[in-house]
Novice: 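Quick one: this structure, given as structure tokens, is what I'll be asking you about.
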Amino acid sequence: MYKRSRFLIGFSIFLLCCESNEHIRKYRLPKNTMEGKNKSQKIPIEFQIGWIKPKSWKEVKGHAMRYASFNAPYVDGNADISITTFEGNSGGIVPNVNRWLGQIGIEPYSSDKILNIEEKMKSKLGEYSYFKLINEKNNETAILAAIFELKNRTLFIKLSSTLKGLRSIETEFIGFCSSIFIKG
Amino acid sequence: MLDLITKLLSSPRIFSYTVLWMIVLVFFGTLAQKDIGLYASQMKYFSSYYFTVGGFIPVPGGRSVLLLMTINLAFSLFKKNLWKMKKVGIIIVHVGGLLLLLGGGITAQFSSEGNMVISEGETINYVDDYFDMELVFVNTSLQDSLEYTVFDEPLLENGTKIIYDELNLQIDIIDHIKNVRIEQRISTADTIYKGFLNEFILLPKKPEKEATQNRPGIVIKLSGLNNSQDGIYGIFLGQKTPDTFQINGNLFFIEFRRKRTYIPFSINLLDFEKVMHPGTNVAKSYSSEINLIEDAISRRILIKMNEPLRHAGYTFYQASFVDGLDKETSVLAAVKNYGRLFPYISSIIMSIGLLIHLLIHLPKMLERRSNTI
């Protein structure tokens with residue numbers, strides 16, 4: 001009895017140390033449960049913005065990471081305009097501008113050079129940084145970008161098109177960026 | 001042989017050394033919180049069986065030390081010279097100490113804690129774990145229901161290969177990132193990258209000191225779907241629009257979310273109220289008025305700071321809040337602790353044991369004192 005008790009104590013302690021091995025679970029929930037219904041409301045603060053867009057621009061379904069996407073027509077085609085937003089500074093202005101420069105085939109600029117090409121613009125959201133990125137050797141890709149550094153997040157508006165498209169839409173693009181406002 | 005083992009394991013020296021080692025762990029664990037944060041420190045020093053010093057010297061962690069202490073206390077009860085009437089107080093104190101350690105073990109193994117983030121008007125019946133993640137495949141093609149296949153955190157370590165026959169699927173965990181940074185691709189992605197990874201990349205970012213502030217992500221390779229869908233997918237916590245694919249004609253999406261524990265009742269947040277210190281932005285108090293819905297019966301309850309809701313083994317504390325643009329969001333810390341009562345019960349038992357020990361020895365002590373006088 002005495003020996004058995006000692007064994008039982010040792011065995012119980014061993015069991016307490018064992019982990020459960022059920023690491024794959026499967027279950028069903030009705031589609032109209034709170035999980036399904038409130039899925040989109042899971043992020044506590046929804047950052048919602050509004051804008052005034054030129055009539056010719058068409059809002060299109062963009063990639064998951066985009067807040068909104070537009071097609072802006074010009075003589076030879078459509079420019080792609082995207083709005084993305086990330087929490088924090090999202091790497092800052094310099095790495096983002098250099099990333100865009102890479103997309104149009106230009107080597108990265110120094111911080112000073114980026115500050116030189118930066119233009120400060122005004123909008124309903126406050127001041128924002130505006131960049132016109134052109135590769136003189138390649139007319140096929142050019143970028144216009146606006147970076148709004150807000151309190152806890154950064155908002156990017158980017159236009160990608162040919163140089164010709166960029167030149168014909170630039171004024172509309174600046175007007176669009178300046179019209180951005182926070183909803184609510 | 002058994003007697004020798006009992007003698008070894010019941011040695012009071014083990015207890016002394018383990019207590020001393022716990023003091024060392026508490027000291028260094030507390031200091032480490034400054035650099036690595038509360039959760040990482042707790043995991044390294046207290047919730048581990050061992051950890052390494054200097055990268056290669058293994059030393060016992062809190063779990064193994066407390067386990068040894070429990071074994072030591074348990075075996076000390078088998079010392080034959082302990083079972084005497086005059087030592088009954090000591091026996092009771094030992095039993096109390098053992099209960100305290102067992103309660104700690106139960107809490108460590110079976111308890112769960114997390115939070116419930118509810119916006120005003122919302123109803124929720126699950127608790128999100130603070131730290132553990134889960135990878136979820138959701139089948140959306142069933143008529144009335146969503147079917148969730150959930151892979152828990154222990155399976156999500158780098159290099160793990162999960163073969164899930166039911167979906168004829170192989171999942172290779174390529175990179176489980178504690179805190180991700182999302183960057184747009186500069187050049188066109190290889191065709192092996194699918195969905196979100198087609199345009200973006202997930203990069204590791206230095207983890208925050210407080211683990212709850214991290215945004216975890218995972219890069220997985222899926223095989224067994226078909227040539228156009230097999231490939232590398234990336235998902236991160238809070239991804240708004242997840243990647244989708246088809247398995248046997250059913251449409252699935254994948255989600256990487258905090259481990260979800262369903263509770264047998266729902267909480268509907270009616271109103272969140274906060275009172276600020278006058279002239280400041282500092283909250284003086286905040287409270288959540290909720291409907292607790294169970295078996296279609298609803299009852300109204302007010303959860304305040306220091307006045308938690310205790311129901312069905314769960315305790316919900318008013319932990320925090322989020323100011324929203326149109327509505328407020330309450331954050332309730334939810335704890336299910338099976339060992340909750342052990343510290344109270346064992347403290348009472350130990351107190352009784354000490355009292356009995358004192359009472360038994362009091363006459364002797366008084367006698368000795370009168371003799372010296």
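Just so it is clear: chains get the letters A, B, ... in the order the sequence lines come, proteins before strands, and each one is counted from 1. Any value given below was found using the heavy atoms of this structure, including those in side chains, with hydrogens, waters and symmetry copies removed.
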Novice: Would you sort out whether B:L142 and A:R28 count as a side chain to side chain contact (heavy atoms under 4.5 Å, CB included), showing the intermediate values?
Specialist: CA-CA 10 Å; B:L142 304 176; A:R28 281 184 189 186; 3.5 Å; yes
Novice: Does A:F181, at its CZ atom, have more than 12 non-hydrogen atoms belonging to other residues, nucleotides or ligands within less than 6.0 Å?
Specialist: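 More than 12 heavy atoms, drawn from other residues, nucleotides or ligands, come within 6.0 Å of this atom.
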Novice: Would you find more than 12 non-hydrogen atoms of other residues, nucleotides or ligands less than 6.0 Å from B:F265 atom CZ?
Specialist: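 Result for CZ/B:F265: enclosed.
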Novice: How many angstroms lie between atom CD of B:E134 and atom NE2 of A:H23, to the nearest 0.5 angstrom?
Specialist: 13.0 Å
Novice: Once you round to the nearest 0.5 Å, how far does CD of B:E147 lie from NZ of A:K26?
Specialist: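 NZ of A:K26 is found 4.0 Å from CD of B:E147.
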Novice: Between OG1 of A:T84 and CD1 of B:I182, what distance do you get to the nearest 0.5 Å?
Specialist: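 CD1 of B:I182 is found 10.5 Å from OG1 of A:T84.
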Novice: Which pair of non-hydrogen atoms, one from B:R260 and one from A:R25, has the smallest distance, and what is that distance?
Specialist: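 Where B:R260 meets A:R25 most closely, the heavy atoms are O-NH1, 4.2 Å.
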Novice: Is it the backbone or the side chain of B:I5 that comes under 4.5 Å from a heavy atom of chain A, or both, or neither?
Specialist: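 Interface part for B:I5: neither.
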Novice: With only heavy atoms counted, which part of B:E153 is less than 4.5 Å from chain A, the side chain, the backbone, both or neither?
Specialist: neither
Novice: Please work out whether the ring planes of A:Y27 and B:Y148 are parallel, tilted or perpendicular, with thresholds of 30° and 60°.
Specialist: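 Because their plane-to-plane angle is under 30°, the rings of A:Y27 and B:Y148 count as parallel.
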Novice: Measure distances from B:Y164 to the heavy atoms of chain A and classify the residue's part below 4.5 Å as side chain, backbone, both or neither.
Specialist: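 Answer is side chain: those atoms of B:Y164 sit under 4.5 Å from chain A.
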Novice: Under 4.5 Å from any heavy atom of chain A, what part of B:F236 do you find: side chain, backbone, both or neither?
Specialist: side chain
Novice: More than 12 non-hydrogen atoms from neighbouring residues, nucleotides or ligands closer than 6.0 Å to NZ on A:K122, yes or no?
Specialist: no
Novice: List the steps, then state whether side chain to side chain contact (heavy atoms under 4.5 Å, CB included) holds for A:I24 with B:V150.
Specialist: CA-CA 6 Å; A:I24 302 178; B:V150 180; over 6 Å; no
